[in-house]
Amino acid sequence: MPEGGWPVIVFVRGSAFHEQNVTDYSNYFVRIAEQGYVVAALKYRHSDIAPFPVQMQDCKTAVRFMRKNAERFHCNKDRIALWGDSSDGHTVLMAGFTGNRAPDTDAYAEESTEVNAIVDWHGPTDFAKMNFLSEFAEPQ
């Protein structure tokens, strides 16, 4: 184990903001772990049961949880990255860029939500343009 613990990747699985299947990417998680990272796969409250910004808040809570439990999971609480694909590329961008600022929750409030890196794996960044461009898409 590296001094200070393993770096952490909080991975958020894209799902069009609906309920996630976090085990879909187990093969990726194993390969990332083989490279020396702890992977925390987040399952947040999805948009069918809770509106935005809850998904981003749950992402921030996951970062705090990993910091609070760093010793338990042999993690380095000072080396945390967010990684999200598709819709949750957007989630990690929002959580990472807002950091300790609102919107947020009080869960594990003694810990920071600031991260060292954000990976947006083909996530949407401009919803207005995305909706505009979808008008020109071929009907299914």
Side-chain angles (χ1 to χ4, degrees):
M1 177 170 64
E3 186 175 332
W6 302 101
V8 179
I9 295 174
V10 176
F11 191 93
V12 190
R13 173 72 169 98
S15 60
F17 304 108
H18 297 289
E19 188 168 7
Q20 302 151 296
N21 181 350
V22 296
T23 60
D24 273 357
Y25 280 7
S26 295
N27 57 332
Y28 290 114
F29 302 154
V30 169
R31 289 182 182 227
I32 294 167
E34 288 174 343
Q35 299 303 311
Y37 296 89
V38 169
V39 179
L42 169 63
K43 186 169 184 177
Y44 58 55
R45 293 171 288 167
H46 54 87
S47 62
D48 297 323
I49 62 170
F52 179 85
V54 144
Q55 298 77 23
M56 174 177 47
Q57 292 168 319
D58 288 354
C59 187
K60 290 180 177 190
T61 299
V63 170
R64 285 197 188 102
F65 175 85
M66 292 307 293
R67 277 208 164 91
K68 183 172 181 72
N69 292 283
E71 189 173 317
R72 174 179 164 199
F73 295 120
H74 308 287
C75 299
N76 186 329
K77 68 188 290 177
D78 297 320
R79 296 183 65 200
I80 299 180
L82 293 173
W83 185 347
D85 75 314
S86 193
S87 58
D88 292 310
H90 178 267
T91 300
V92 299
L93 285 173
M94 295 295 291
F97 284 130
T98 58
N100 290 321
R101 297 178 306 278
D104 209 345
T105 68
D106 293 333
Y108 310 108
E110 68 279 7
E111 300 292 343
S112 172
T113 62
E114 298 291 328
V115 295
N116 303 90
I118 305 165
V119 178
D120 173 2
W121 200 12
H122 64 87
T125 55
D126 187 339
F127 283 95
K129 186 177 275 185
M130 182 175 75
N131 288 336
F132 172 76
L133 292 174
S134 69
E135 294 176 18
F136 300 104
E138 291 291 321
Q140 301 296 321

Give a yes or no on whether the backbone of [Y] and the side-chain of [X] come within a donor-acceptor separation of less than 3.5 Å.
| X | Y | answer |
| --- | --- | --- |
| Asp85 | Trp121 | no |
| Asn69 | Arg72 | no |
| Thr61 | Ala107 | no |
| Lys60 | Pro103 | yes |
| Arg101 | Phe97 | yes |
| Glu111 | Phe65 | no |
| Gln20 | Ser15 | no |
| Gln55 | Ala50 | yes |
| Asn100 | Thr113 | yes |
| Asn76 | Trp6 | no |

From [X] atom [atom1] to [Y] atom [atom2], the distance as rounded to the nearest 0.5 Å:
| X | Y | atom1 | atom2 | answer |
| --- | --- | --- | --- | --- |
| His90 | Met56 | NE2 | CE | 8.0 Å |
| Trp83 | Ile9 | CH2 | CD1 | 6.0 Å |
| Cys75 | Ile80 | SG | CD1 | 7.5 Å |
| Ser26 | Arg31 | OG | CZ | 12.5 Å |
| Gln57 | Thr98 | CD | OG1 | 9.0 Å |
| Arg45 | Asp58 | CZ | CG | 4.0 Å |

How close do [X] and [Y] get, heavy atom to heavy atom, and via which atoms?
| X | Y | result |
| --- | --- | --- |
| Phe29 | Val22 | CE1-O, 3.2 Å |
| Ala16 | Ser87 | N-OG, 3.0 Å |
| Cys59 | Ala95 | SG-CB, 3.8 Å |
| Gly14 | Ser86 | CA-CB, 4.2 Å |
| Lys77 | Arg67 | O-NE, 2.7 Å |
| Met66 | Phe73 | CE-CD1, 4.0 Å |

Counting only heavy atoms not in [X], do more than 12 sit closer than 6.0 Å to its [atom1] atom?
| X | atom1 | value |
| --- | --- | --- |
| Asn21 | CG | yes |
| Glu110 | CD | yes |
| Arg79 | CZ | no |

Measure the shortest side-chain to side-chain distance between [X] and [Y] over non-hydrogen atoms and say whether it is less than 4.5 angstrom.
| X | Y | result |
| --- | --- | --- |
| Tyr108 | Val63 | no |
| Ile118 | Leu93 | yes |
| Arg64 | Asp104 | yes |
| Tyr44 | Asp88 | yes |

Is there a continuous path of hydrophobic side-chain contacts, each under 4.5 Å between heavy atoms, that joins [X] to [Y]?
| X | Y | answer |
| --- | --- | --- |
| Met94 | Leu42 | no |
| Val119 | Phe11 | yes |
| Val12 | Val115 | yes |
| Met1 | Val38 | yes |
| Ile32 | Val10 | no |

